[in-house]
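Being a predicted model, the structure only gives us computed values, none of them experimental.
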Amino acid sequence: MSTSLFFTGPAVILLYNSPMSIKWKVKKLKECESTFTEARNLPPWSVVSSVRQHKGRGRFNRAWFGEEGGLWANFNLPTEDKTSRPWGLMPLVAGVALIDTLAAYHIKGLRLRWPNDLLVNRNKLAGILVERPSAHMVSVGIGINVYNNLVKIQGMTTDVPVRLVDLIPNACPTVDELRDHLADELAKVFNDFIQNGSEPILTRLEQAWGPSLPVVAITDTERICGFFSGIEADGSPILKKVDGSTIIVPAITINRMKELV
């Protein structure tokens with residue numbers, strides 16, 4: 001499939017007829033405040049990526065640093081009112097797509113942390129944020145440390161960051177190659193979710209969490225401790241207590257879940 005370039009100004013390049021297998025339309029920016037803002041008014045099957053992102057954000061409006069060399073992108077996917085799907089699972093759908101994208105590199109210690117982080121052991125490689133700007137579209141924001149300079153953000157993040165190039169120095173893809181591969185994997189996992197519901201996603205997540213670790217789920221009213229042991233069909237985490245009993249913590253009530261080791 002051919003690729004056409006349309007220059008619309010010094011800061012914007014639009015790529016249509018992308019070589020990706022799905023009919024994505026890609027809007028690539030040299031810089032922006034947030035790819036979420038740029039993607040909001042674009043249709044489904046649009047991708048916005050930016051070389052730099054000045055005001056990126058994570059959950060609860062936490063700052064997300066978007067220096068040159070990382071992948072900072074939003075992927076718009078179609079939703080329909082008639083489709084009865086638990087859209088709260090979309091960060092986990094994206095997490096499965098991230099794992100699938102990186103599976104070929106056999107990165108030791110690669111795992112997901114509920115609900116929206118991709119870690120290598122205890123270091124953060126990528127983050128996910130999902131919003132639904134309309135009833136007909138969900139926008140999946142994904143940031144991945146690839147070649148970006150991590151020295152600039154030392155001490156500014158809760159988790160110690162790690163870059164893809166340091167994990168696979170001889171096989172690291174370019175940022176655009178990674179974006180295109182991720183877009184295709186996201187489309188595959190999303191279509192599976194639409195057609196077959198949450199069961200395939202939950203099955204594939206079983207191995208993506210890594211070992212069961214002690215965590216604390218922090219809500220507005222309490223701190224609930226236990227060992228993370230999976231999720232319910234709606235994405236709510238299941239915690240195993242020291243006495244062997246389990247507790248399901250409704251996902252909608254959790255402000256943050258922290259690992260305790």
Side-chain angles (χ1 to χ4, degrees), residues 6-16 18 20 24-79 87-88 90-95 97-98 101 113 115-118 124-159 161 163-164 174-183 185-187 190 255-256:
F6 298 84
F7 294 86
T8 62
V12 182
I13 305 174
L14 293 181
L15 288 75
Y16 287 94
S18 167
M20 293 179 276
W24 291 100
K25 292 184 177 179
V26 181
K27 179 178 181 179
K28 182 176 179 180
L29 306 169
K30 290 183 178 179
E31 58 184 18
C32 70
E33 289 195 349
S34 169
T35 55
F36 265 110
T37 303
E38 300 291 336
R40 181 173 292 277
N41 296 317
L42 296 178
W45 300 116
S46 297
V47 182
V48 178
S49 66
S50 186
V51 176
R52 293 184 183 87
Q53 188 177 226
H54 301 301
K55 293 184 179 180
R57 53 190 169 84
R59 293 181 77 219
F60 306 112
N61 286 317
R62 298 188 183 102
W64 182 274
F65 303 95
E67 295 290 335
E68 182 176 1
L71 174 61
W72 325 118
N74 266 73
F75 304 82
N76 287 347
L77 293 164
T79 64
W87 298 112
M90 278 306 300
L92 306 181
V93 170
L98 270 173
T101 299
R113 180 176 62 191
N116 66 332
D117 292 327
L118 183 71
K124 187 167 179 176
L125 178 62
I128 301 163
L129 181 65
V130 177
E131 293 184 348
R132 199 173 179 192
S134 74
H136 306 289
M137 188 173 75
V138 62
S139 192
V140 180
I142 297 178
I144 306 176
N145 297 316
V146 188
Y147 296 94
N148 46 308
N149 186 349
L150 299 182
V151 174
K152 293 184 177 181
I153 61 173
Q154 283 186 353
M156 301 173 67
T157 59
T158 302
D159 299 298
R163 303 185 305 176
L164 192 59
T174 68
V175 173
D176 287 353
E177 288 170 344
L178 183 62
R179 178 200 61 210
D180 293 355
H181 188 185
L182 175 56
E185 293 297 337
L186 183 58
F190 176 75
N255 295 328
R256 189 177 182 192

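- Atom CG of Leu118 is separated from atom CD1 of Ile128 by 7.0 Å, given to the nearest 0.5 angstrom.
- To the nearest 0.5 Å, atoms OH (Tyr147) and CD (Glu68) are separated by 12.5 Å.
- No side-chain heavy atom of Leu182 sits under 4.5 Å from any side-chain heavy atom of Asp180.
- Nearest approach of Asn148 to Glu67, heavy atoms of both residues: CB-O, 3.9 Å.
- Pro91 and Asn116 get closest at one heavy-atom pair: CB-CB, 4.5 Å.
- Here Leu77 contributes atom CG and Met137 contributes atom CE; the two are 9.5 Å apart, rounded to the nearest 0.5 Å.
- The residues Lys27 and Glu38 are annotated as salt-bridged, a charged nitrogen and a carboxylate oxygen being separated by less than 4.0 angstrom.
- Using a 4.5 Å heavy-atom cutoff, the side chains of Val47 and Arg179 are in contact.
- Put simply, OG on Ser50 and NZ on Lys30 are 11.0 Å apart, with the number rounded to the nearest 0.5 Å.
- Phe190 CZ to Phe75 CZ: the interatomic distance, rounded to the nearest 0.5 Å, is 13.5 Å.
- You'll find the side chain of Ile144 stays beyond 4.5 Å of the side chain of Arg163, heavy atoms only.
- Contacts of Ser139 classified as side chain to side chain donor-acceptor pair (under 3.5 Å), with partners at least two apart in sequence or in another chain: Asn74, Asn76.
- At distances below 3.5 Å, not a single donor-acceptor pair connects side-chain atoms of Ser46 with backbone N or O atoms of Leu42.
- Shown here are the side chain to side chain donor-acceptor pair (under 3.5 Å) partners of Ser134, two or more places apart in sequence or in another chain: there are none.
- When the side chain to side chain donor-acceptor pair (under 3.5 Å) test is applied to Asp159, the partners found at least two apart in sequence or on another chain are Arg113.
- Considering every non-hydrogen atom in both Leu164 and Leu125, the closest pair reads N-CD1, 3.6 Å.
- How far OG1 of Thr79 is from CE of Met90: 9.0 Å, rounded to the nearest 0.5 Å.
- Residues Thr35 and Gln53 have side chains that bring a donor and an acceptor to within less than 3.5 angstrom of each other.
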